[in-house]
Amino acid sequence: MKYNRCGKSGLLLPEISLGLWHNFGSVDNFDNAECIAVEAFDKGIIHFDLANNYGPVPGSAETNFGKILWHNFQGNLRDEIIISTKAGYTMWDGPYGDWGSRKYLLSSLDQSLKRMKVDYVDIFYSHRPDPETPIEETMMALDYAVRSGKALYVGISNYSAEQTRVAVDVLKQLGTPCLIHQAKYSMLERWVENGLLDVLEEKGVGCIAFSPLAQGLLTDKYLNGIPENSRAHNPNGHLKEDEVTEARIQKLVQLNEIAQNRNQSLAQMALAWLQKDKRITSVLIGASSVRQLNNNIDCLQSLEFSSDELNAIEKILV
């Protein structure tokens, strides 16, 4: 595993990080989740990414991760792990359980620390911008999280290029640099290329890509349509059936042909493709099994692309 410097900070993150958005909640098999986390660490994935509302039920991913820490990573091993969490989406009912107020962010951080039974997190994020709260208030809450010792670094997620520029500047004035931006980025979701990556490079901020496989769409699962056990077939899933169009399936089939010529799966190629841009510090993957985790990690065996491959991919994606 290679470790990349996060922006202009002193922190190094692995090329691949493990996200606990799915498969670590109270409805999931704990033993399986524990095996995934331990295997990830053994393979050099030292960064575990959470949010207050990950589950289901909300908060249960943090509770389960706290148990995994207690079972497997006692003592100095905590110092070898990067734990990140976030607040910004709905966590509880009422006026202070959502968005970006100082009240919500700092209350949520305290709750996250209790659930995981840790004294601090390494990275605390504002999960999304709040249109009703001044950005200065949100950034002051992040600044306080660091000054109070409850977080070592802070970041933002889902902020536009313009919002990012303002947030980074406010944090700099406060004396707590913005470490990282977590952005949705994949072959099928490329909005970050329209200004955000330029701002991050200019400001010396790292970038970690989430949903790199477009909720499983960039795998071989959908090459022949929508299977019964897929996220798209689940009415409660984040991938909707109307996103799996015939035109998109044809693109996936063409991309898969290129991947096979590279001796990779479509998922492995999609993960490798993101890492061609040196502004991407880390790629955040999920895993439902140890086998799937290791298959994704194997993308690191072939990260180089020829100009012909990149051109062919671009023609398909346009």
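These values consider heavy atoms only, across backbone and side chains, with no hydrogens, waters or symmetry-generated copies.
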Inspect the surroundings of [atom1] in [X] and state if more than 12 heavy atoms from other residues, nucleotides or ligands are less than 6.0 Å away.
{"X": "E304", "atom1": "CD", "result": "no"}
{"X": "W70", "atom1": "CH2", "result": "no"}
{"X": "R291", "atom1": "CZ", "result": "no"}
{"X": "Y3", "atom1": "OH", "result": "yes"}
{"X": "D93", "atom1": "CG", "result": "no"}

Result block: side-chain N/O donor-acceptor pairs under 3.5 angstrom for residues 172-180, not counting sequence neighbours:
{"unit_1": "T176", "atom_1": "OG1", "unit_2": "D143", "atom_2": "OD1", "d": "2.5"}

Nearest non-hydrogen partners of [X] and [Y], listed with the distance:
{"X": "Q264", "Y": "S302", "result": "NE2-O, 3.0 Å"}
{"X": "H181", "Y": "N158", "result": "CE1-N, 3.6 Å"}
{"X": "A37", "Y": "F73", "result": "O-CZ, 4.5 Å"}
{"X": "L106", "Y": "A141", "result": "CD2-O, 3.5 Å"}
{"X": "W99", "Y": "P131", "result": "CZ3-CD, 3.4 Å"}
{"X": "R5", "Y": "T281", "result": "O-CG2, 3.8 Å"}

Could you state whether V166 and V192 fall into the same hydrophobic cluster, counting links through intermediate Ile, Leu, Val, Met, Phe, Trp or Tyr residues with side-chain heavy atoms under 4.5 angstrom apart?
-> yes

Within this structure, what is the [atom1]-[atom2] distance for the pair [X] and [Y], rounded to the nearest 0.5 Å?
{"X": "M116", "Y": "E62", "atom1": "CE", "atom2": "CD", "result": "4.5 Å"}
{"X": "L142", "Y": "M140", "atom1": "CG", "atom2": "CE", "result": "11.0 Å"}
{"X": "L18", "Y": "I46", "atom1": "CG", "atom2": "CD1", "result": "12.5 Å"}
{"X": "S186", "Y": "L317", "atom1": "OG", "atom2": "CG", "result": "9.0 Å"}
{"X": "I280", "Y": "L13", "atom1": "CD1", "atom2": "CG", "result": "12.0 Å"}
{"X": "L274", "Y": "I16", "atom1": "CG", "atom2": "CD1", "result": "10.5 Å"}

So [Y] and [X], do their side chains get closer than 4.5 Å, heavy atoms only?
{"X": "I123", "Y": "L152", "value": "no"}
{"X": "S17", "Y": "I208", "value": "yes"}
{"X": "I83", "Y": "R78", "value": "yes"}

Is there a donor-acceptor contact under 3.5 Å linking the side chains of [X] and [Y]?
{"X": "N72", "Y": "E34", "value": "yes"}
{"X": "Q268", "Y": "N295", "value": "no"}
{"X": "N261", "Y": "E309", "value": "no"}
{"X": "E137", "Y": "T133", "value": "no"}
{"X": "S84", "Y": "H47", "value": "yes"}
{"X": "Y185", "Y": "S211", "value": "no"}
{"X": "K86", "Y": "Y54", "value": "yes"}
{"X": "T90", "Y": "D98", "value": "yes"}
{"X": "S160", "Y": "Q163", "value": "yes"}
{"X": "E246", "Y": "Q250", "value": "yes"}
{"X": "S126", "Y": "T138", "value": "no"}

Donor-acceptor contact below 3.5 Å, side chain [X] vs main chain [Y]:
{"X": "N64", "Y": "A33", "value": "no"}
{"X": "W21", "Y": "F210", "value": "no"}
{"X": "S60", "Y": "S26", "value": "yes"}
{"X": "N256", "Y": "L252", "value": "no"}
{"X": "K276", "Y": "W273", "value": "yes"}
{"X": "N4", "Y": "E15", "value": "no"}
{"X": "S282", "Y": "P14", "value": "yes"}
{"X": "S9", "Y": "C6", "value": "yes"}

Can you spot which of Y104, W92, Y89 makes a side chain to side chain donor-acceptor pair (under 3.5 Å) with N52?
-> Y104

Salt bridge (Lys or Arg N to Asp or Glu O under 4.0 Å) with D298: which residues, sequence neighbours excluded?
-> none

Tell me, with the steps shown, if E202 and R165 meet salt bridge (Lys or Arg N to Asp or Glu O under 4.0 Å).
-> CA-CA 10 Å; E202 174 193 340; R165 184 180 294 277; 3.0 Å; yes

Over 60° means perpendicular and under 30° means parallel, so classify the ring planes of F48 and F65, tilted if in between.
-> tilted

Kindly confirm or rule out a cation-pi arrangement of R102 over Y96, judged by NZ or CZ under 6.0 Å from the six-membered ring centre and within 45° of its axis?
-> no

Taking the six-membered ring of Y159 (Phe, Tyr or Trp), confirm whether the NZ or CZ of R128 is under 6.0 Å from its centre and within 45° of its axis.
-> no

Step by step, work out the salt bridge (Lys or Arg N to Asp or Glu O under 4.0 Å) result for R190 and E314.
-> CA-CA 12 Å; R190 301 175 65 179; E314 196 65 28; 3.1 Å; yes

For the pair K150 and D119, evaluate salt bridge (Lys or Arg N to Asp or Glu O under 4.0 Å) and give the outcome as yes or no after the intermediate values.
-> CA-CA 7 Å; K150 297 175 182 178; D119 296 325; over 6 Å; no

